[in-house]
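Right, one structure below, let's go through it.
Proteins come first, then strands; the chains are lettered A, B, ... in the order of their sequence lines, and each starts at number 1. Just so you know, these numbers come straight off a predicted model, no measurement behind them.
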Amino acid sequence: MLLLTCPYCGVEADETELTPGGEAHITRHGAGANDDDFETYLFMRKNPKGVHFERWRHAFGCGKWFHAARCTMTLEVFGTYSGQTFEPPKTLINKIKKKRPDWEGFVK
Amino acid sequence: MSTRLQNGGRLIDRTKQIEFTWNGKRLQGFQGDTLASALLANNQMLVGRSFKYHRPRGIVAAGPEEPNALMGTGVDGHFEPNQRATTTELYQGLTSHSQNHWPSLEIDIGALNSKLPRFFPAGFYYKTFMYPRAAWKHVFEPIIRKSAGLGKAPTHKDEDTYEYFYAHVDIMIVGGGIAGLAAALTAGKSGASVLLMEQGVSFGGRAITDGVEIDGKPAATWVKATLAALKKMPNVQIRTRMMGAGVYDHGYALGYERLTDHLGPNQNGPRHRLWRIRTKRIVTATGAIERPLSFAGNDIPGVMLAGSLRDYIADYGVSAGDRTVVVTNNDDGYRTAIALHEAGLNVPCIIDPRGDLDGELPQKAIALGIRVENKSAIGKVKGGKRVESVTLCAQAGEGGTLEEIKCDAVAMSGGWSPVVHLWSHCGGKLNWDTDLAMFRPDPSRPPLGADGTGFVIATGTANGHLYSASVLKDAIAAGKQAAKDAGFKATGTVPKASDEKAAPIAAVWSMPQGATYDLKSKTFLDYQNDVKVSDVRLAAQEGFTSVEHAKRYTTLGMATDQGKLSNINGLAVLADSLNKEIPQVGTTTFRPPYHPISFGAIVGDARGELFKPIRKSPIHQWIDDNGGDWEPVADWRRPYCYKQQGETVEQAVTREILNTRENCGLLDASTLGKIIVKGPDAGKFMDMMYTNMMSTLKVGFCRYGLMCTENGFLSDDGVVARLSENTYLCHTTSGGSDRIHAWMEEWLQTEWWDWKVYTANVTEQYAQIAIVGPNARKVLEKLGGMDVSPEALPFMQFRDGKIGGIQARPFRISFSGELSYEIAVPASQGQAFWDMCMEAGAEFGMQPYGTECLHVMRAEKGFIMIGDETDGTVIPQDLGLNWAISKKKEDFLGKRAQQRSHMTDSKRWKLVGLKPVDPQAVIPDGAYATDGTTRPNGVKNMIGRVTSTYFSPTLNHAIAMGLVEHGPDRMGEVIDFPTIGGDIIKAEICDPVFLDKEGARQNV
Amino acid sequence: MKRYSAFAIAREAFRHHAGWERAWRSPEPKSEYDVIIVGAGGHGLATAYYLGKNFGITNVAVIEKGWLGGGNTGRNTTIIRSNYLQDPSAAIYEKARSLYETMSQDLNYNVMFSPRGVMMLAQTQAEIRGYQRTAHANNLQGVTTEFITPERVKELCPIIELGGPRYPVLGALWQPRGGTARHDAVAWGYARACSDMGMDIIQQCEVTGIDQSRGKVTGVQTTKGAIKTKKLAIIVAGNSGDLAKMGGFRLPVESISLQALVSEPIKPCMDVVIMANTVHGYMSQSDKGEMVIGGGTDGYNNFTQRGSYHHLEETVRALIETFPMVSRLKMLRHWGGIIDITGDRSPIISKTPLGNCFINCGWGTGGFKAIPGSGWAMAELVAGGEPRELASAFGLERYQEGRFIDESVAAGVAH
């Protein structure tokens, strides 16, 4: 059972308090988008074995959506951060790079 | 024979005799006995039958690792199969039965299998029973199934109760031996909150049984003092009869506490308590389990683990036999010989495959005059339901008998395996220690917590330390480490303990070394599943060389003990067969729980009424009291209809429809979702959420709206009201309120976070009551307080005010086609308002109606229902709802998706009405339409399906709605709906609005 | 290949079973094959088998990173059924189910297919309508199912509690020829048959790269060296993303964990497979006597294959409502399997943007029951280069077209 800290209310929350929301930092392609972009937006996912940036909602807590960086192989959580940003904070990226020198880095 | 000794037994109280029954026999034991020790005291060594061959099985162990002594205990609602006799504490009146035999334990027909084991090698199932084909299902499988399984299935509802417990502690320590106690003391002194759990009833573990001295005194003295010190610490909780059941990600763990099992049935309070624990560090001081040795006949009742045998002497004052041969590949086995000797029992011989016996314990045994044979082995054990003798042979040979030694018990020790289960559950890795012949935790590869650091610390024997001095040192270090990791500072001094100087263990995996096939095929690895050395060798021979393959092919380690006794020995045999080292073969995965836990405990008190609490509208109780026939709708209950005396459900529904259409009906619509959307950008936001243009809706007006997913599919619908310039009220379906509210929040928070909009789910703040029918207005006028005339409150508008003295907001909307007001009142006033309506409506024929009436009336009007006309694959365009899709808006959720080629395909099935040619023939729910052609793969070509189908009492005609290929272009055509019975119902394609197309009934 | 039979066992019994051969050979890879299949799970081995059996293509290697059958083939709850709603699903699952009927004889390996019947409980009005719809569709699709009354449910499964209280049993969709099979045996049986046809099953060999030239596959790089091939079939479930990346294309696939558990074995008490979708649980009794229980999925990307306790707690609660006797049994073991799910939760059997490279993945919670049908359809695709009837709807292009195969329509989850 995962444990994630909600960056809004500061609560270290059990997985049962949270709902997962899949890969983070996906660009919405709406009306007018071409077929490839629209398909990518809806379906194509990185599904990495390793560092994954993802969305969570503190659904049974403060109700806020936030972001987390988590390893899908070890389930280590590198950090959580605001849901209202287009990319992970630099400090977090540096922290992950330090821990995982082989990591390819954040790719939008 | 096995019997109770005159003296000894530190856990039993000889002044308190307990009566129990076993297989119908009345027997006696003492307070503190386990069922196993009591059975042994009554000379009952034979306690069960094995799984495959139904071979006689005796008690092997004294703890939870026991594979054989599984019993059915209790009766009726307290019956439980597969209880380990070794962990079942005796209580007055305990009823128990042995398992897996017919007609009796002594004479078991199934044991015929054991006469022919050569015909049942590993994997024999896969090689036979294939011909003729039908025979597997009808002949072979029933036989195999009947002979499989262990205990009987319970037949009664569980009469016990269970509960959960939540604990948040800094440090959880599993195991109450000297390692666990020392770690707990160290961690406790640091100020960290500590939870110490012991699966048994007493603390100190093997150190007490084996007479260890700590700080110059018996271990028991140190244990007592340490416990006393721990009990004084307010930050330390201590629990017995509580097992560390599982370790999960991020420091989550389960503790399984058995509260009343030792007291018997009908106790006050729960039987089991499942602790759900969050902790920063877990210290596993779970000790070790002794391994059997592999020699022919090692499964005959009377062959036991050496350590367990001396447990029975020390803890329960029970001897397993009068003459016990000890066979061991390590010094620890000698303790048993010495304990037996000291208890005045006969040890005819200690058999040891090792050459040099210069350890202190062997020397002591020799000095006591016990015969010790080195470089020796057991050729085979003789006996049927009880050991009669063993043959002595050279370990180096093929098993030729040198001498036959009469005995009635054999104590075996193949060395000790640390209990690494909890370490491994969450990914902790192991190293093979060749010197100690054991897998032990690799501290550099622990299970990782949320922060990426190891959160489990194995210590003591569980960490591979077999001697008390190093155990204590390791445990103090573990306590310090855990405290430090949890943010505390710990100090601690290591108590002094002394251990006998020991000679190294000899890794003997087969006895004798060159055992013949005949011996190997009688040498058991897994006692319960009847897996023999020859089976593992056969698996290797046939290419099942991965440990996972071999395990699955032979079923080694898949019994109820999950390989606690058999895995390492099996692994060693496999490695040997492949000419590999043990670490190259690897282990199978350790899965939780450590030891089986009751499903009752997993469920706790979330059963019956508490399984899933029902969401209730303010009118719920009234409905329940007035004939409401409930159906589950999402988390709610809604009345399908209100049954009056003597009515069938169908009659009730018909009455409700006709009455509502002719007079007046009252519907509890409180379950409809109600969401407020508010803010300067509310209009912009509403335009994205709905396919319709909502920003142009005037204050005081209502509009029916559709919501789609980004995939274009229709997901919800409902009436939107604009309460003020900046405020909208969105109605959703009953099942949709939480989902849609979350959906709105997701978009607001994660995509359009710069838009100034707030949402609030106010579903439960209001009761919503629909007054429907030609007399609706009369009822409201009688209640008074608001002008509800067509001029003051026209169709698709709402007003705020008071009706009958209650704050109310009537919406002039209609889901039935009748004159209708849906009136929202504060939830607390809901029942009062409902009562008022019923009373005022009495003279106008007011009757409550349920969901089925609602469904039929809306189908008569051709209104769609989310979940009937939609199923997650339907887009609004399929339903003829293009009028609700704004062409003016640049974007809305689902717009882009609806432009994809499959979404614009002209062959998509479209909504039509269906009028059965036979007016009485209702098309069955879910029926498909066919055109009489067959597809290349033999499937009958389907051209549409019914989505809603009813008999309309209003029209006295069966009606339906459905999706049909090119449907709207085929008005008047008759198509076929085959039923499952083979009949065909013919129906004419028509407009889906069956009643009052012009809306004359509602616009009055 | 030495035939397996009761007579063979009797013969071997008298010579200490010394005559049994390896079930499959363990060769070193050749330098080139006509077809390389990556992944020796059920689907990969079945594909190889039908390539040989139906198309005579036997110069085939099946390359496996770990041990054959070591993925989801060996850790699922072994349910076999074909009572799917949508035409493409019903067709491929029914093909699979019918192949299971004769698999033991086809492979000369007893996979213990047990057509004991599969029942999906209807516990809400919506479920009744959904399953009645499925029954109608199945009737036309040639899949034998029927919607049965609660009384019939009780007759087929006496341990069930019909009354609720929360979710009463209102009926069920019943497929009498659905059932279970011995999962490991399916992989082993196919492997033995493939090996016998001369195919090479190469275990402990990881693919590290895909070689291509002018948009077409030419071979693979592996931990046992480079191997050339004319065609490549990627059938690696949760590892599909890695292989696709090597091939230079993307997949609409994510990996999540699915929970399962077994009880201690008890004497037979339940002769059918029961699925309850409203409460997310399903249960059957294995031939060993264990109650095999499946539950929900974690909603997040996960490759750990560990059990997640709180999910099975929900499953067990629900099952005890429907089967009260379960309360007095004990959980023996629980685990997680990594399932690969697609955008519409239906599988992909498809050509890829890379020439002569084919993919089969995305079976989600429904992989085991599909193995023979999936292998059959994939063999058709690999042999002919184009999908035939069975696979035609499962192409990758459907996501761009918006042409989904959505099975959640009739039942909340598809297991």
message = Classify the ring geometry of His549(B) against Trp188(C): parallel below 30°, tilted from 30° to 60°, perpendicular beyond 60°.
response = perpendicular
remark   = Taken to the nearest 0.5 Å, the spacing of Arg328(C) CZ from Thr73(B) OG1 works out to 7.5 Å
message = What part of Leu68(C) gets within 4.5 angstrom of chain B, counting heavy atoms only: side chain, backbone, both, or neither?
response = both
request  = Consider only side-chain N and O atoms of Tyr131(C) and Asp925(B), and report whether a donor and an acceptor are under 3.5 Å apart.
outcome  = no
key: Side chain / backbone / both / neither for Leu254(B) at chain C, heavy atoms under 4.5 Å   = side chain
ask   = Is it the backbone or the side chain of Ala897(B) that comes under 4.5 Å from a heavy atom of chain C, or both, or neither?
value = neither
note = Ranking Ala540(B), Ser901(B), Gly604(B), Ser521(B) by heavy-atom pairs under 4.5 Å to chain C gives rank one to Ser901(B)
ask   = With under 30° as parallel and over 60° as perpendicular, where do the rings of His16(C) and Tyr517(B) fit, or are they tilted in between?
value = parallel
note = Checked Phe544(B), Tyr252(B), Phe119(B), Phe79(B) vs chain C; the most non-hydrogen pairs under 4.5 Å come from Phe544(B)
Lys288(C) side chain reached by Asn529(B) side chain, heavy atoms, under 4.5 Å = yes
request  = Measure the spacing between CG of Asn82(B) and CG of Leu332(C) and express it to the nearest 0.5 Å.
outcome  = 9.5 Å
key: Engaged part of Asp184(C) at the chain B interface, taking heavy atoms whose separation is under 4.5 Å   = side chain
inquiry  = Quick check on Ala539(B) against chain C: is it the side chain, the backbone, both or neither that has a heavy atom closer than 4.5 Å?
reply    = neither
Between Tyr248(B) and His334(C), ring centroids under 6.0 Å = yes
message = For Asp905(B), which atoms come within 4.5 Å of any heavy atom of chain C: side chain, backbone, both, or neither?
response = neither
request  = Pick one of side chain, backbone, both or neither for Lys612(B), based on which atoms fall under 4.5 Å of a heavy atom in chain C.
outcome  = both
inquiry  = What's the separation between atom OG1 in Thr134(C) and atom OH in Tyr928(B), rounded to the nearest 0.5 Å?
reply    = 7.0 Å
note = dist Ile980(B):CD1 -> Asn138(C):CG (nearest 0.5 Å) comes out at 8.5 Å
message = What part of Glu290(C) gets within 4.5 angstrom of chain B, counting heavy atoms only: side chain, backbone, both, or neither?
response = side chain
inquiry  = Under 4.5 Å from any heavy atom of chain B, what part of Asp344(C) do you find: side chain, backbone, both or neither?
reply    = neither
note = Whatever's closer than 4.5 Å to a heavy atom in chain C on Pro936(B) counts as side chain
query = Measuring heavy-atom distances to chain B, does Phe323(C) have an atom under 4.5 Å in its side chain, in its backbone, in both, or in neither?
reply = neither
inquiry  = I want to know whether Trp335(C) and Phe590(B) have ring centres closer than 6.0 Å.
reply    = no
message = Check this for me, if you would: do Glu12(C) and Lys127(B) make a salt bridge, where the nitrogen-to-carboxylate-oxygen distance has to be below 4.0 angstrom?
response = no
message = Given heavy-atom pairs under 4.5 angstrom as the criterion, report whether the side chain, backbone, both or neither of Thr930(B) touches chain C.
response = side chain
inquiry  = When you compare the side chain of Asp406(C) with that of Phe713(B), does any pair of heavy atoms fall below 4.5 Å?
reply    = no
inquiry  = Among Gly867(B), Gly608(B), Ser534(B), which residue has the highest count of heavy-atom pairs closer than 4.5 Å to chain C?
reply    = Gly608(B)
key: Side chain Asn110(C), main chain Met130(B), donor-acceptor under 3.5 Å   = no
task = Go through the atoms of Ser263(C) and report whether side chain, backbone, both or neither lie under 4.5 Å from a heavy atom of chain B.
result = both
key: Side-chain heavy atoms of Thr873(B) within contact of Phe404(C), under 4.5 Å   = no
Region of Phe140(B) that comes under 4.5 Å of a non-hydrogen atom in chain C = neither
query = Hey, does His902(B) have a side-chain heavy atom less than 4.5 Å from the side chain of Arg398(C)?
reply = no
ask   = Does any non-hydrogen side-chain atom of Leu329(C) lie less than 4.5 Å from one of Pro154(B)?
value = yes
key: Between Tyr109(C) and Tyr125(B), ring centroids under 6.0 Å   = no
key: Glu401(C) and Arg900(B), any side-chain heavy atoms less than 4.5 Å apart   = no
inquiry  = Nearest 0.5 Å, please: how far is CG in Leu150(B) from NZ in Lys267(C)?
reply    = 7.0 Å
inquiry  = Please evaluate residues Gln83(B) and Lys330(C) with respect to the criterion side chain to side chain contact (heavy atoms under 4.5 Å, CB included), reporting the C-alpha separation (whole Å), side-chain torsions for both, the decisive distance (0.1 Å), and the verdict.
reply    = CA-CA 9 Å; Gln83(B) 292 279 63; Lys330(C) 291 189 279 294; 3.0 Å; yes
Residue Gln400(C) versus chain B: region with a heavy atom under 4.5 Å = backbone
request  = Go through the atoms of Asp160(B) and report whether side chain, backbone, both or neither lie under 4.5 Å from a heavy atom of chain C.
outcome  = both
ask   = For Met903(B), is it the side chain, the backbone, both, or neither that has a heavy atom closer than 4.5 Å to a heavy atom of chain C?
value = both
key: Under 4.5 Å from any heavy atom of chain C - which part of Leu538(B)   = side chain
ask   = Contact part of Ala90(C) toward chain B, heavy-atom cut-off under 4.5 Å: side chain, backbone, both or neither?
value = neither
Residue Asp535(B) versus chain C: region with a heavy atom under 4.5 Å = neither
ask   = In terms of heavy-atom pairs under 4.5 Å with chain C, which of Glu609(B), Met558(B), Arg637(B) leads?
value = Arg637(B)
message = Taking side chain as everything from C-beta outward and backbone as N, CA, C, O, which of these in Asn108(C) sits under 4.5 Å from a heavy atom of chain B? Side chain, backbone, both or neither.
response = both
request  = Side-chain contact test, heavy atoms from C-beta onward, threshold under 4.5 Å: evaluate it for Ile144(B) versus Met112(C) and give yes or no.
outcome  = no
Basic-acidic side-chain contact under 4.0 Å: Glu141(B), Arg116(C) = yes
key: Contacting region of Ile201(C) [heavy-atom separation from chain B under 4.5 Å]   = neither
inquiry  = Counting only non-hydrogen atoms closer than 4.5 Å, does Glu264(C) touch chain B with its backbone (N, CA, C, O), its side chain (CB onward), both, or neither?
reply    = both
message = Please rank Gly123(B), Pro592(B), Gly74(B), Gly543(B) by heavy-atom pairs under 4.5 Å with chain C and give me the top one.
response = Pro592(B)
query = Are any of the side-chain heavy atoms of Arg133(B) and Ser104(C) separated by less than 4.5 Å?
reply = no
query = Side chain, backbone, both or neither: which part of Phe977(B) has a non-hydrogen atom closer than 4.5 Å to chain C?
reply = neither
query = Which heavy atom of Cys269(C) sits nearest a heavy atom of Ala153(B), and at what distance?
reply = CB-CB, 3.5 Å
task = Identify which part of Arg192(C) has an atom lying under 4.5 Å from any heavy atom of chain B, answering side chain, backbone, both or neither.
result = neither
ask   = Is the backbone of Trp20(C) close enough, under 3.5 Å, to the side chain of Gln541(B) for a donor and an acceptor to pair up by distance?
value = yes
message = So which residue, Tyr640(B), Phe124(B), Tyr126(B), ends up with the most heavy-atom pairs under 4.5 Å with chain C?
response = Tyr126(B)
key: Contact origin within Ala245(B) toward chain C - heavy atom pairs under 4.5 Å   = neither
ask   = Between Glu321(C) and chain B, which part of the residue has a heavy atom less than 4.5 Å away: side chain, backbone, both or neither?
value = side chain
ask   = Judged by atom type as modelled, is there a donor-acceptor pair below 3.5 Å linking the side chain of Arg133(C) to the main-chain atoms of Arg945(B)?
value = no
